[in-house]
Structure formats: structure tokens, C-alpha cells
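Worksheet: the structure to be examined is printed underneath.
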Amino acid sequence: MKKFFAVAAAATLVLAGCVETKSEKEAGGVSESGTDEKPVIEVLGMASNEQDMNIVRDQLLKNGFEVNLNIQPDYGSFTSQKDAGNYDVAVSSWTTVTGNPDYAVRGLFKSDGASSVIADEKLDELIDAASAVTGDEAVEAYKAVEELLVFDQAYIAPLYISNKAQGIYSAAVNPDTVRLSKSRAQAWEKISFNDESLNASETLVLHQAIGSLTSLDPIKANDGSINTLNTNMYSRLVNLTDEDEVVAEDSLSYNFAMTEDNSNYYFILRDDINFAAVENGAAVDTGDLVSAEDVVFSLNRAKDPESVPDHRTYSLHENMETVEVVTDLAELESATTPDGESVLEALSNELPADITTLVASEDEVDNAAGNYQVVKVTTTQPFPQVLNYLAHQSGGIVSEQQVSSINTFDVASYDPNSDIAYGDQSTVTEGSSYDNHLFASGPYILVQKNDYEAQFVKNPAYRADSEYAPLIDKVNVRFIDDNDSALSALRNGEIHVLQTVPDTKYDVVSSDDNLTLKQADSNGVSYLQFNMSGRDVSESADLRKAVLYSINQQDFITYYQGNKKPAVSTVTPLVDTGLTFEADAEKVKEFLDAYAQ
Amino acid sequence: MKQITNDALRLKLSQEYRNAHFTWIFTALFALLFLVYSFDFSTQQVRLPVVIFFVIYAVTALYVVFLTKRIRNDVIRKGEVQKRTRLLAYPLLLTIGAGNIFASGFAFALVSRNQTPEYTFASYALLTQLFVIGVSAFNLFKPYVVDTFLLAMGLLLVAALLYAVMIVLTARFVTAESAPKWMLIPGIILLFSLFIGNFFGFLLGYSLIKKARSKNPSSVEKWHTMWLKITRNTMAIFGMFFITFIFSLSVVSEWIFDYDFATQNNYSAILQNPSLEYPLGTDDFGRDLFSRIVFGAQISLIVGFASTVLPALVGGTLGAISGYFGRTTDSVIMRLLDILYAIPGILLAIAIIAAFGANTVNLIIALSVGAIPTYARTMRATVMQLSNFEFVEAARALGASDASIIFKQIVPNSLAPMIVKATLTIGGAVIATSSLSFLGLGIEPHIPEWGNILKVGSTYLETHSYVAIFPGICIMLLVLSFNFFGDGLRDALDPKTN
């Protein structure tokens, strides 16, 4: 027994020599400075952002903060917590669907912005000034915005820019025909099956998370439930390319031009798109040309907050002063573009026939004979980014005749129980309320929907018999709320395209022989929004900056396996201002000390 | 013909033979599992450590088959297991080194003729202790250990030594009826086992004290028969072993494991496969799964126990009052509880969590409230039956107050069904805790809890399946263990079989 104890004691000694304890390890490193009271930061976020919140929590803890998490299960309860002010920082995200930097700051950070908690006159001025300029001037202007917003005042702390990842069931659908754009909603008309003979018979099945459609009137909604649907149901004056350039391609106009004072915009319209309607479950050509009258009508109601009850996109279009049909050819000749050529020259590029007359009435339109319609938009102040808003789904062209005949109620006394507005989802939902009154100017039209899916058919009068006509006849949009279930549906071919593959499932998609993974940049930025009223962080810029410099974006990028990019603000994906943000533990200490005094 | 049936009956009655059968089958199953896992089909490579484990388990299985044959011969020819066969079980004790609890447990049962519950307690106390030490020792592969690590490990080793000594002592001196008086001293020392979570050690201590004092032979006999039944029930004892193991591990983890490994993100070690430094791999934040699961056991057990004990107390009291007084009292209490009973438990829990926020206390309350009616019903039924018995009449005739009749006469006699019910529902409570965390309604996501870990794992099920598999196995085994133990307890306490 004695022997045993001797051996045991010896073994313990040897063991103790080999093992390094925690305090020994920490004594070797830098010791924690001071044990005075740590500032407490309450982090608010949604359960779906749990990962981001955890990384923020970990980084703040390591930089000497105390952290409370306030995790809300859904967006609704998140917003109500935010409105109640129960947070120091809120994990927020923003996607600039219009692809222009003004949209990325105006609503978020201007004093009167719809979702702004910041009130800083200097910032307001900078944002306004930046919106009026283009090119290098704009880069400088947005750099000034970012410097004030992030580095001087730390109103927000940037986390990362997301990537887009699209999964395509390439066993059936030709992946080369499926676009993945930075901002633009998915365009359906170019998608084709691998076997093109199937385009007329087979149904293309797409996916959308939300099945309750806010409104099919383009100006009455601006959210994930209709963005893609309305984009494909209505034509616009211009479109965005996959890289967010404004072009006339696939739009209602042949060409467009801006005058050199950045205030007047001209669009020359095509005559090969008619409105489609649904009769007996099939799309028919109404014979009604999508004309300049419809454009003027559509844009005028877009910029008028009183044009419809519950106007949701007025703020995007308030910069338009007038919209009119141009009949005087001399006006086009005299106006010049920033490049120095005349507007007429800019508009004449690759037309079916040279412009001979500008007509006012749609009855006289005949492009082949040289009779064109031109629409002119004037902005309240120089505002080149108006083009991005016209490319947004809310700039979609609706039929003047049809919308006027449906929206006969008085807007001021609108009663949602008895009055049915144009685009109300009840009119396309199967059942007794079904009464499809939609007039579509885009490549597809919605026939009917239920909670399971929405059925679209192609517009027979959309650039018919040209190579631009929609390729696939029938498109169904399946509503699957849970992204992981949607991925399963994609993997067994139940849906053909999944627009957002979950961050953690890229491997799964790329290793599946039936699927193709496409990745692209996005305008989605995640950031921490500081609470600007009633909290310690609201009063002290030092405390905010201490939090700001605790954020290490590299950790986020590592966690997301390299599928995120560093950001400075919501503007970063749109304008490269040359600014970069780096975490700095030393600065955190400095600012914390400054805060403590 | 008669000979054969006699043989079959003898074999059926032989505890050793049944145990042997069970042991070789389970060992062979594990060997098979190791064999399947020993080849990595994706890289076409052999996993050498797994092959070694396979060989050890396969050899053990063959050895146990050989022992089974010998026991069979012994039982049929001599009527009981012979000393030589028992000697052959000694090498089998070494299987503890390979973590084979079935074979080592069987070995302990076979080497001694003494089959008192105390002997079983002592041997399983040692087994549990060695398992805890073995698992804790993995911390040596970490970059550093907590300051208290060496001291705590030393204490655990001392405890293991004590249990080893007790195995020999109990095998020698303890009988079914009594233990020598001097056993009081080790008995009292063993009670301290509770501080390292070793239930077996605690039970051994309590049992020794009871037998050494030998004041009330009938109570000693009752105690002895009950535990004899449980310890002879192989599944129940393994259930108890696993519960004790997890409990003990979660108690000692405070001094042996570093909480930082379980909660602090380490971006340089994201989603690592199992290795010596990370025995169960790491999760998507680079946190050590092994430490997370060990610390997660604390919450699972605390919430599991608390949300069983709380409704058992409340429901038991309400049920006892209701059953004893009857009439209006009964109607009022039971109808109110019926209303509560009509609401699905998990929905009620979700509603409570959503209203009051997620933390451990709220979680316990949320899970408890829904379980009250079932306990009340069980208690009420037993009390109604008991309150008509003569001894209650007698107490009443002697002028005892209602309260004293209920709590001194009736309740102690109606505890058995409550205990069985509680044990069987702890498993459900553990699952409910994990389910709520899995749904994001339980404990904050960075805090290690089995449901939380499983939730992370579910995301990586296809690419890094171990993140989900290990917490899944833990939840499954713990719930199974409670159910097996509960079954054993029910069999032991069932008046019909007494």
C-alpha cells in the first residue's frame, strides 16, 4: 500500500509539471486592466440573426463589456421591441433593392427617414448634397457621409456585406438562362428548360417565402411578397443590369437620356407590348397598347401620396416634379446630355425606323413608320438616381383605363371592407372572391393563387414573335416559408430555382449533381443600429465608438466561411468610397476610458 | 423431457447466465458498430484507433461467450456457478479500460458470490468513478486546464480508491441481513459521495449505516429486497449507472472543465472533426462540443429534476387534500385542475416562455405547471383508497388532526406510485427542455444546453453530422436511462410482486 501511494504521489508530481493551468497561462499574457464597473450593452435581434448576435456578444465580452441578449422570435416582435427602445444596439440588415446609394441612406439615417432613429442636421445636409451629384463627386460626397455616420459619430457599427447564392435545379432548367442580379428581382422571361421543346408544355416552379401578397398594384407594396411578382407582371421605363447599371434593355423604352443639368429625363417608348388580361383561366391580349398615356398615369399616381389608399412607395418617387408626353421634336434636338450630344441623338440609337413624328395619342403610334411616343420626367432638384427608382418594381406601368375603372372609390373615405382596390390579393385568390381584374404590361400575368402557390402564364402580347418574348409558358411560384424546407424542395426538383440558399448549405448545393450553385454580390448589409434616445449609448459617442471598434468583421467572415465581405456602411456595396473599417482593441480602451470620465 | 425443462428453468433463474447473455450480445453489437465505423468510405482509409477498439470488443465478446458456456455447464451440472468460473471473470475487469461498462459490470457481478445490493453499489460506484475520471482526463489534451483541475482529479482518484476498498470489504463482511458495527465509519464517509455526485457511493453509505445500526430488521429487509430487485434488473442498473455518471460529471465539471471552452468563440477552430484536443469536435463557433455537452448536462438535469419535483410536490399536495376530504373540496380542486389538464403541456410552456421571457427559472415553471394535474390525479387515487384503511380510522379515533393524518399516515404510504411516476416523467421533462431550446424558446443560444447544441447540429446534419449526433445520443441515453430506472423502480415497489 505504501508503495502504491509513493507511485501515485510521484505520478501526480510529474503530471502537475506537464499541465499548464489557466492562471499560469493568463499570467503570461496581458492582464485585464481594472475591475471597475463594465458598461452593459443590450443587444436586440431576431432569432434568425442568432449567429450574428452571438459573435457580437462574444466580441463585446472580450473587449470588456457586459452583454445582455434580447432575442425576438420574428420581425414583428423585433420591431415592437425596437420601437419601445429596449435596446442599446439592434442587429439590423438592409438591402438596397434599387441599387442606388441614396436609397441606402435616406430612409435609414436622415432625420425624417421612415426607419431612422438619428437626428443630425449635418448628416441630413451631406445626404442631400450627395444625392444631387454623379461620378467622382458622388464618391467624395458619400465618403463624407460615411465618415460622419460611422467614424465620427458611430451611429451604426457595420458587420458585413452578404453574398447572394442561388440554387438551380440544373437537371431540368438551363442554369445559363437564370439570372442572378445584385439588386434586380428575378427576371423570368429569359429562363428556359434544358430541353427547349418543354418550354411550351412544362411548368417552371419558382419559390417565394411569403405567400400573403401585400398588393399587386405596384405602388401599394414594396416587400418580399410581391417584388419579384410585380417585377414580372409590369414593364418599367428602364431596368437594372445584374451589376446595377440602369439600361433600357427588356424595358418599355428603346432608349433614355438625361439632360446635362441632371433634372430632365426622356424615354422613347416601344409599341410592341400590349396589356394582357385573364379570361377563363387563360391570358388574352386586350389589344390595349402600353402607351405614353399609361406611363404618365402610372408615374403621376406613384408620386402622389393621395392617389391610392395606403400608398407604400411614395417616398421613392417624391423627387419627380412632372411627367409629360413630349410632342415637340425640337425640344429633343435642343436639349443636350452630359456627354454633349443632343437628346434626340441619344434616343435615336438602334430604333426600328428613324423618328419622324412624336405623337401624343396611342392611336397614332406606329414605330415602323417613324411615329413614336416620348415621355419626359422632370425632378424637383437635380437627382440622377431617379432612374434607379424608375427601375424599381413600384415604377411598373399599369393600365390607365383598367385601374381607373376599378379604383372608383374616394381615396379619403376608402373602406377596406367594402371597397376593393386594384391589385387586391383577394381578387386573385381562388374561391368566391375570385375576380381577376389585373392588366399586365410585363411578360407574365397572375392567373390565380392559393396558400400553396401562385400560377402565372405568359403575356401573349409581350413582344410577341420576337426573341424577347417570354420563353416558358407557365410559371408557378410555390410558397415555402422555411428556407431549409425550400432547399429540400429544390433538391428533389419540386422547385426549379431557389433564390437564397442558406449560408451554411452552399456545400450541399454545390456537391449535388442535379443542382448548380450561382453566387453573386448583393447589396445586403448587416450592421448594428445604436439606440439614439434615452440610453447611455445615445448620449456618449465615446461609448458608441468603443462598441464600434470592438466589432471584428474578420470573425464574421470566418464564421460564414468566407461568404461575407467587409462593410463600412450600407453604401459600401454601391459606392466604393475607399474607406475601410478595422477592429482596434486599443481604441476600445481609449474610448472606454474617455467614456468613464 | 422433464430433464430439459428443468435445465431451462435453472438457466432462466440463474442471474449470472442471463447477465452473461446480455453482456456478450451488447459487446458484440458494439464491436459490430466499431467495425462499420472503422473504414472511412469517403477517403477509402482505415481508422486505426477504431480498429483497435473493434478488436478489443470482439475479443471481449468471444471471451464472454466462452464464459457463458461455462456458466451454462455449471448451472446445469452443479446447480450453481463454480469458483473456477468466477476466477475466470477477473481478466474481464480490465475491460473498464476500453470503456466497456457491460463487460466490466458483468465481471464485478461474477467474481463474487456475494450478491448483496451493497456489493453492486460499491462496484458501480467504482465504475462510475473510473468513467468520470477517464472522461475528465481528456482535459489534459487542452492547451491548459482550470486551476482546480489537479486537486479535483486527485480527490476523484482518492474516492475511486475508497470504492475499490469498499468492494472488497462489502464482499467479505456484508450479508443480506446485517453489516458489522464498524461499517458505520466508512458508511458515514461514503455519504460524502453525494458531493461528487456519486449516487452509488451515497446509497452504499446509507445502506451500510442502516445495516450496521440494525435497529429495525423489518425496515432493513424491506430496503434490502427493494434494492435487490433493482440491482438484479440489468437495464435498471445500467440506467442508474448512466444517470449517476452524467450527474457526477456535471457536478465535478465545475472544478475540472473550463467554462470558457464551452462558451467562448474560437474562430480558428470552426467545425473541427473529433480529435484528442476536441474529443467530440467543435461547433460552428469553434466551441468545444465535449465541454458544451458536459456543461449542458447541468441544465438538462437541473431543469429535468426541478420540473418533476415541483409539480410532484404541488400536485401531490393538492391530490392528497382532494382525495382525503372528498365532496366539495375534491370537486373544486379537481375541476380546476381539469381545466389546466385540457391545455396541452408544451403549448402552455411555450405561452409562458413567450410571455415572461426565457431563462432557467421560467423554463422550470413553464414545464412544471402543465404537469401538476397528472400528479394530483395519481395522488388522489391512492389517497382515496388509503383513507378507508383501518390505520387511518384508528388515527382519527385517537383524535389526530386532519393535517397529521394526511402527512403522517397517508402520504408516506402513498409515495411509491408518485416516485415511480416522477422517475418515468423526468425523461419527458429532459426532452421538453431540449425541445424548447431547439425551438429557440429555451435558454439563450450561447449557453450550453443539449437542445441548443442539437439545434446548431441540425443545420450541419449533412456536412458535420457529429455536431448533432453527440447531443442527440446524450439526450436519448439519459431519457432511456430514466425510463429503464423508472421501470425497475416500479417493479421493485409494486405491491403485487412483493
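Lettering of chains follows the sequences in order, A, B, ..., and the numbering in each one begins at 1. These figures come from a predicted structure and were not determined experimentally.
- Contacts between Thr459(B) and chain A at a heavy-atom distance below 4.5 Å involve backbone atoms as well as side-chain atoms.
- Residues Gly167(A) and Val501(A) come closest through the heavy atom pair N-CG2, 3.4 Å.
- Ionic pairing of Asp288(B) and Arg292(B) is not present here: no N-O contact between side-chain nitrogen and carboxylate oxygen is shorter than 4.0 angstrom.
- For Phe257(B) and Phe290(B), the ring centers sit closer than 6.0 Å to each other.
- Heavy-atom distances place both the backbone and the side chain of Gln264(B) under 4.5 Å from chain A.
- Listed for the Glu449(B) side chain is a donor-acceptor partner under 3.5 Å among the backbone atoms of Gly451(B).
- Ala171(B) is linked by a side-chain contact (heavy atoms from CB on, under 4.5 Å) to Ser112(B), Tyr119(B), counting only residues two or more places apart in sequence or in another chain.
- Taking the six-membered ring where the residue is Trp, the centroids of Tyr144(B) and Phe261(B) are separated by under 6.0 Å.
- Contact of Ile55(A) with chain B is made through backbone and side chain together, with heavy-atom distances under 4.5 Å.
- Ring to ring, Tyr549(A) and Phe581(A) are close: their centroids are under 6.0 angstrom apart.
- Only the side chain of Asp507(A) comes within less than 4.5 Å of a heavy atom of chain B; its backbone N, CA, C and O stay farther away.
- Of the candidates Ile453(B), Thr282(B), Val294(B), Ile453(B) is the only one forming a side chain to side chain contact (heavy atoms under 4.5 Å, CB included) with Leu289(B).
- Heavy-atom proximity under 4.5 angstrom to chain B picks out Thr558(A), Tyr559(A), Gln561(A) from residues 557-565 of chain A.
- Only the side chain of Ile71(A) has a heavy atom closer than 4.5 Å to any heavy atom of chain B.
- Under the 30°/60° scheme for interplanar angles, the aromatic rings of His464(B) and Tyr466(B) are found to stand perpendicular.
- Of the two parts of Leu271(B), only the side chain, counted from C-beta on, holds a non-hydrogen atom closer than 4.5 Å to a non-hydrogen atom of chain A.
- Put simply, of Leu157(B), Asp284(B), Val146(B), the one with the most heavy-atom pairs under 4.5 Å next to chain A is Asp284(B).
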